[in-house]
Protein chains: 4
Amino acid sequence: MPEDHNILDLLLDDQEQVTEKQKKILEAAVEIFSEKGYASTSTNEIAKKAGVAEGTIFRHYKTKKELLLSIVAPTMTKLIAPFIINDISKVLNTDYDRFEDFLRAVIENRRKFAKDNMTMIKILIQEIPFHPELKEQFMKNIGKKIFDRFTIVFEHYQAKGQIKKMPAESSLRLIGSTVIGYLMARYMIAPDFDWDDEQEINRMISFIMNGINAE
Amino acid sequence: MPEDHNILDLLLDDQEQVTEKQKKILEAAVEIFSEKGYASTSTNEIAKKAGVAEGTIFRHYKTKKELLLSIVAPTMTKLIAPFIINDISKVLNTDYDRFEDFLRAVIENRRKFAKDNMTMIKILIQEIPFHPELKEQFMKNIGKKIFDRFTIVFEHYQAKGQIKKMPAESSLRLIGSTVIGYLMARYMIAPDFDWDDEQEINRMISFIMNGINAE
Amino acid sequence: MPEDHNILDLLLDDQEQVTEKQKKILEAAVEIFSEKGYASTSTNEIAKKAGVAEGTIFRHYKTKKELLLSIVAPTMTKLIAPFIINDISKVLNTDYDRFEDFLRAVIENRRKFAKDNMTMIKILIQEIPFHPELKEQFMKNIGKKIFDRFTIVFEHYQAKGQIKKMPAESSLRLIGSTVIGYLMARYMIAPDFDWDDEQEINRMISFIMNGINAE
Amino acid sequence: MPEDHNILDLLLDDQEQVTEKQKKILEAAVEIFSEKGYASTSTNEIAKKAGVAEGTIFRHYKTKKELLLSIVAPTMTKLIAPFIINDISKVLNTDYDRFEDFLRAVIENRRKFAKDNMTMIKILIQEIPFHPELKEQFMKNIGKKIFDRFTIVFEHYQAKGQIKKMPAESSLRLIGSTVIGYLMARYMIAPDFDWDDEQEINRMISFIMNGINAE
DNA sequence: CATGAATGAGCCTTCATTCAT
DNA sequence: GATGAATGAAGGCTCATTCAT
C-alpha cells in the first residue's frame with residue numbers, strides 16, 4: 001500500500017508544468033478555502049496571500065471554480081487510492097490473514113492520510129453538497145468503488161468464517177461511521193485534545209469486531 | 001421525552017409576533033440556505049421565493065446573518081432538547097431498565113427529529129465551521145451538555161453491571177458516530193434508497209451493544 | 001422693534017393646529033438636521049427622536065422636503081423681520097438720532113435672535129445652496145428687502161451728514177460681513193470661548209464707524 | 001509668495017501615479033459634490049460623469065468618503081499655504097514696509113486662489129461641519145496656524161507704530177470677516193454681478209485700515 | 001388621527017473576470 | 001508568462017413613502 005503524504009505535493013507532480021507561482025496559488029487557495037469556505041473567499045484575497053497578481057490566477061485556472069476543482073478532484077482520488085488496487089484479493093491472501101489485521105492496516109493508512117491532508121478534506125466535505133458535478137463524481141467514483149472493493153474484502157473474510165453474515169451496505173456503514181467518526185473527532189473537531197491514538201484505535205477495532213460479530 | 005416535529009413551526013410559536021410574511025421568509029431562507037449554502041444565497045433570491053420585497057427581510061432581521069442565526073440557534077437548542085431533562089436518572093430508573101431500551105428510545109426520538117428537520121440540520125452542519133460564535137456556542141452548550149448527561153447515564157448502567165468500563169469520551173464517540181452515521185446516510189446522503197428502518201436500527205443497536213461490551 | 005425668541009415657538013403659533021406630536025417632530029427634525037445635515041438625516045431617525053411613528057411625520061408633511069421647508073422658510077422670514085417694518089424712516093427719526101445708535105440696536109437685536117435660533121440658522125445656511133427654490137426666495141425676498149431698507153437707512157444718515165458717500169452695495173457688504181462674521185464666530189464656530197460681548201460689540205461698532213468714514 | 005492656480009492640477013501632481021481616469025473621477029466628483037452636496041451625490045452619478053465604471057472609483061478610493069477627503073484635505077492645506085512661510089518676519093521687513101501693503105498682497109493672492117478654486121472651497125465649507133475629523137484638522141492646523149502667523153505680523157506692524165493696540169483675536173476676526181465676506185460675495189453669492197474689483201479692494205482696504213485705527 | 005409593516009428604488013461596495021501592456 | 005487597471009453585474013442594506021388597520 002503506497003505512502004502518500006500531503007496531496008498538494010503529489011498534486012503538483014501530476015501536472016506537467018507547475019510554476020512556482022502556481023504552487024503558491026494552490027497553497028493559498030487551500031488555506032483560505034478551508035478557513036472561510038469557497039464562496040466567501042475572494043480571488044483577490046488568494047492572490048494577495050499567494051503573492052501574485054489577480055490576473056495570474058486566471059492564467060492558470062479559467063475560473064475560480066476550476067481552481068476549486070483542481071484542488072478537490074485529486075483529493076477525492078487520493079482519498080480512495082488504497083481501495084483501488086487492482087488485485088485486492090491477492091493482497092488479502094498474502095498480507096492479512098485476519099480481517100482485524102486488514103482493518104487495522106486500512107485505519108492506520110487513512111489516519112496518516114487524514115492527518116496530512118485535513119485542510120483539503122475539509123474543503124471537500126464542505127463543497128460537495130453544493131456542486132452537483134462533485135456530488136455525482138463522489139457517489140459514482142468514490143462511493144461505488146469503495147463499496148465494491150469492500151464487498152469483495154468482506155465476502156473474502158466471511159468465506160473464511162471470520163465474520164458473520166450481514167449485508168455489505170450495513171456493515172460498511174457501521175464500520176465506516178466508526179472510523180470516520182474517529183478521524184473527524186481526532187483531526188477536525190478536537191485536534192488539540194490530548195489523544196492516545198494507539199489505545200483509541202485498539203478500542204475502536206475491538207468495538208467494530210465485536211459489533212459486527214454479535215450473535 | 002417530548003415530541004417535536006418540524007422546528008420551523010415551534011420556532012414560530014416561540015416568538016410572540018410572527019407575521020405571515022416572516023414565516024414565508026424563514027421558510028424560503030431555510031430552503032435556499034440548505035440548497036446552496038448561506039454565502040451563495042442572495043437576499044434578493046430569498047425575497048423572491050418568499051414572495052415579499054427585499055426590504056421586508058431587513059425589517060424583520062437586521063442583517064442577513066441575523067436571519068441565519070434565527071434559524072440555526074433554535075435548531076441547535078432543539079437538537080439536544082431530549083438530553084437536558086433535569087432529573088434524567090429518575091427517568092432512567094422509571095422508564096428504562098436496560099441500557100439497550102434507553103438507547104433504542106433515544107435513537108427513535110432523534111430519528112424522528114432528523115427526519116422532520118433535515119434541511120435545518122444541514123444548514124447547521126454547513127455553517128458551524130465558518131461562524132466562530134456558532135462554533136463556540138455549539139461546543140459549550142451542546143457538546144458539553146450532551147457529554148455530561150451521557151456520562152450520568154453511562155455510569156448509571158455501568159453501576160447496574162450492564163456495560164463494561166470504558167471512558168465516557170470514547171464510548172460516546174463510538175456510539176455517537178454509529179448513530180449519526182446512520183442518520184446522515186438515511187436522511188442526507190441516500191434518502192431515496194429503500195430503507196428498512198426497523199431492521200437497520202436493530203442491527204445498529206446490536207452492533208453498539210456488542211461493540212461496547214467486548215471482552 | 002419686536003422681541004422674538006426661539007422661532008420654533010412662534011412657528012408653532014403661526015399654524016392653526018399644532019399637535020403635541022407635530023411639535024415633537026419639528027423639534028427632533030431641527031436638532032438632527034442641524035447636526036447631521038438634511039440629506040444624511042433619515043425620517044426614521046426623526047420619528048424615533050420625536051417619539052412618534054414614521055407615518056405620523058408624513059401625515060403632517062407630505063414629504064421630507066416639506067418638513068425641511070416648514071423649518072427653513074419661517075426662519076428666513078424671521079431673520080429679516082426687523083428690516084421690514086413698513087415706515088422705517090419714521091423709526092429712524094424717532095428712535096435713533098445717530099447711525100451708530102441704529103447700528104447698535106440692530107446688532108443687539110440680531111445677536112439675540114442668533115443666540116436663540118442658531119440651530120435653525122445653521123440649517124438655513126447649509127441647505128440654501130442645494131435647493132434652488134430656497135436660494136431664489138432668499139435672494140428675492142431676503143436679500144432684496146434688506147438691501148432696499150438698508151439703502152433708505154443709509155441715505156437717511158448720509159443726508160444727515162453722518163456718513164460719507166459710498167455705494168450701498170459696498171457699505172452693506174462691509175458692515176454685513178463684519179456683523180455676520182462676529183455672530184458666526186460667537187455662536188457657531190467658537191461658542192464655548194469666553195466672550196466679552198460688550199467689549200467685542202463696542203470694538204466692532206467702532207471698527208465699522210471708522211471704516212466707513214475713512215477720508 | 002507662491003502662485004497656485006487650480007488645486008486640482010496641483011493635487012494631481014502631488015500624487016505620483018494619477019491615471020487619466022482618476023483625474024476624470026476627481027473632476028467629476030468636485031463638480032457634483034459642489035453642486036449637490038456630498039451626501040446627495042451618488043457614486044453612480046460620479047462614475048457616469050467621469051465616463052468610468054462605478055467599480056473604477058473604488059479601485060482608486062476605498063470609500064466614497066476617502067474620495068471626499070482626497071479633495072478636501074489638500075484644499076485645506078493650499079488654503080493657508082501663504083501663511084506658513086517659515087521666516088515670515090523677514091518677508092515683512094524685506095517686501096512690505098507698510099501693513100497696508102502686506103494686506104493688499106495677501107488679499108490679492110487669496111483672491112486669485114478663491115477665483116481658481118471656488119468649487120473646492122465650497123465643498124470644504126459645506127462638509128466641515130459634518131465630519132469631525134475635518135473639523136478638528138481645520139481648527140488645529142488651519143485655524144491655529146493662521147492665528148499664530150497673523151499675530152506675528154500684527155505685532156510686527158504694531159511695533160512699527162502703524163497699528164493701534166487691539167487683541168489679535170478681535171483684529172483678525174474683523175479683518176478676516178471683511179475679506180472673506182468680500183470673497184464670498186464676489187465668487188460664491190453673486191459671481192455674475194458686474195464687479196469693479198480694483199475699486200472694491202481699495203474700498204475694503206481703506207475700510208479695514210481706518211477701522212482698526214479708530215481713535 | 002396615529003401606527004408601523006411593507007415596499008422597491010437606489011445606494012455603496014465587492015468581486016470574478018478581461019485585456020492592454 | 002505576468003501584471004493590475006478596468007469593468008459592470010450583483011450583493012447587502014437603507015430609506016422615503018404608502019396604506020390597511
Side-chain angles (χ1 to χ4, degrees), chain A residues 17 19-22 25 38-48 50-67, chain B residues 17 19-22 24-25 39-48 50-67, chain C residues 17 19-22 25 38-48 50-67, chain D residues 17 19-22 24-25 39-48 50-67:
Chain A
Q17 303 244 27
T19 333
E20 190 59 28
K21 304 233 171 209
Q22 193 167 351
I25 291 169
Y38 168 75
S40 303
T41 300
S42 72
T43 50
N44 166 40
E45 206 176 351
I46 297 172
K48 260 182 197 144
V52 303
E54 216 169 340
T56 308
I57 294 178
F58 289 91
R59 177 154 301 282
H60 293 288
Y61 308 92
K62 258 202 298 290
T63 63
K64 185 185 165 194
K65 182 146 191 188
E66 197 179 294
L67 172 58
Chain B
Q17 302 252 23
T19 331
E20 192 59 28
K21 306 238 168 203
Q22 193 166 351
K24 286 273 178 60
I25 291 169
S40 303
T41 300
S42 75
T43 50
N44 167 33
E45 205 176 350
I46 297 172
K48 263 181 195 144
V52 304
E54 209 169 343
T56 307
I57 295 177
F58 292 92
R59 168 159 296 281
H60 293 289
Y61 306 93
K62 263 200 291 289
T63 63
K64 187 186 164 196
K65 180 143 190 192
E66 197 179 296
L67 172 57
Chain C
Q17 302 247 25
T19 333
E20 190 59 27
K21 305 233 170 210
Q22 193 165 351
I25 292 170
Y38 168 73
S40 302
T41 300
S42 73
T43 50
N44 166 39
E45 206 175 350
I46 297 172
K48 261 182 197 143
V52 304
E54 215 168 341
T56 308
I57 293 177
F58 290 90
R59 178 154 301 282
H60 293 288
Y61 307 93
K62 258 203 297 290
T63 64
K64 186 186 165 194
K65 182 146 190 189
E66 197 179 296
L67 172 57
Chain D
Q17 303 251 22
T19 330
E20 191 59 28
K21 305 239 167 202
Q22 194 167 349
K24 286 273 178 59
I25 290 168
S40 303
T41 300
S42 75
T43 50
N44 166 35
E45 204 176 351
I46 297 172
K48 263 181 193 143
V52 302
E54 210 169 344
T56 306
I57 295 177
F58 291 92
R59 167 159 296 280
H60 294 288
Y61 306 93
K62 262 199 293 290
T63 62
K64 186 187 165 195
K65 181 145 190 190
E66 197 179 296
L67 172 57

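So you know, we letter chains A, B, ... as the sequences are listed, proteins then strands, and number each from 1. FYI, side chains are in, hydrogens and waters are out, and symmetry mates aren't considered; it's all heavy atoms of this structure.
- Atom NZ of C:K48 and atom C1' of F:dC15 are 12 Å apart (whole Å).
- D:E45 has its CD atom 18 Å from the C1' atom of F:dG8, to the nearest Å.
- Distance CG/A:N44 to CD1/A:I57: 8.5 Å, rounded to 0.5 Å.
- Per the geometry, CD1 belonging to B:I25 stands 14 Å off P belonging to F:dC13, to the nearest Å.
- Stem regions annotated for DNA chain E: E:2-21 with F:2-21, counting only runs of 3 or more consecutive pairs of Watson-Crick or G-U type with both contacts under 3.5 Å.
- Between B:T43 and F:dG12, a side-chain N or O to OP1/OP2 separation shorter than 4.0 Å is present.
- Residues forming a side chain to side chain contact (heavy atoms under 4.5 Å, CB included) with B:E45 (at least two apart in sequence, or on another chain): B:I32, B:K36, B:T41, B:S42.
- Counting any heavy atom pair closer than 4.0 Å across all strands shown, B:S40 reaches no nucleic acid atom.
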One pair to check against side-chain contact (heavy atoms from CB on, under 4.5 Å): D:I46 and D:L67. What are the steps and the verdict?
CA-CA 11 Å; D:I46 297 172; D:L67 172 57; 4.0 Å; yes
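- Shown here for B:A39 and A:A39, the closest heavy-atom pair between the two residues is CB-CB, 3.7 Å.
- With values rounded to the nearest 0.5 angstrom, A:H60 atom NE2 is found 9.0 Å from A:K21 atom NZ.
- In this structure, B:T56 reaches the bases: a heavy-atom distance under 4.0 Å links it to at least one base atom across the strands shown.
- Atom pair B:H60:NE2 and F:dT14:C1' shows a separation of 16 Å (rounding to whole Å applied).
- Between C:V52 and A:S42, the one whose closest nucleotide on DNA chain E sits nearer the 5' end is C:V52.
- Nearer to the 5' terminus of DNA chain E, by closest-nucleotide assignment, is the contact made by C:K21 (compared with the other of C:K21 and B:K21).
- Along DNA chain E, read 5' to 3', the first and last nucleotides having any atom under 4.0 Å from a heavy atom of chain A are E:dC15 to E:dT18.
- Nearest heavy-atom pair across C:Y38 and C:K64 is O-NZ, 3.0 Å.
- For D:T43, the side-chain hydrogen bond (donor to acceptor under 3.5 Å, both in side chains) partners two or more places apart in sequence, or in a different chain, are D:E54.
- As rounded to whole Å, 15 Å separates atom P of F:dA16 from atom CD of C:E66.
- Ranked by how close their nearest DNA chain F nucleotide is to the 5' end, B:F58 and A:G51 are led by A:G51.
- For the side chain to side chain contact (heavy atoms under 4.5 Å, CB included) test, residues two or more places apart in sequence or in another chain that qualify with B:A50 are B:K24, B:I25, B:A28, B:V52.
- Regarding C:Y61, its OH atom lies at a distance of 21 Å from the P atom of F:dC15, rounded to whole Å.
- Nucleotides of DNA chain F nearest to D:R59 and B:K65 differ in position, and the one nearer the 5' end is that of D:R59.
- For D:K65, the salt bridge (Lys or Arg N to Asp or Glu O under 4.0 Å) partners two or more places apart in sequence, or in a different chain, are D:E133.
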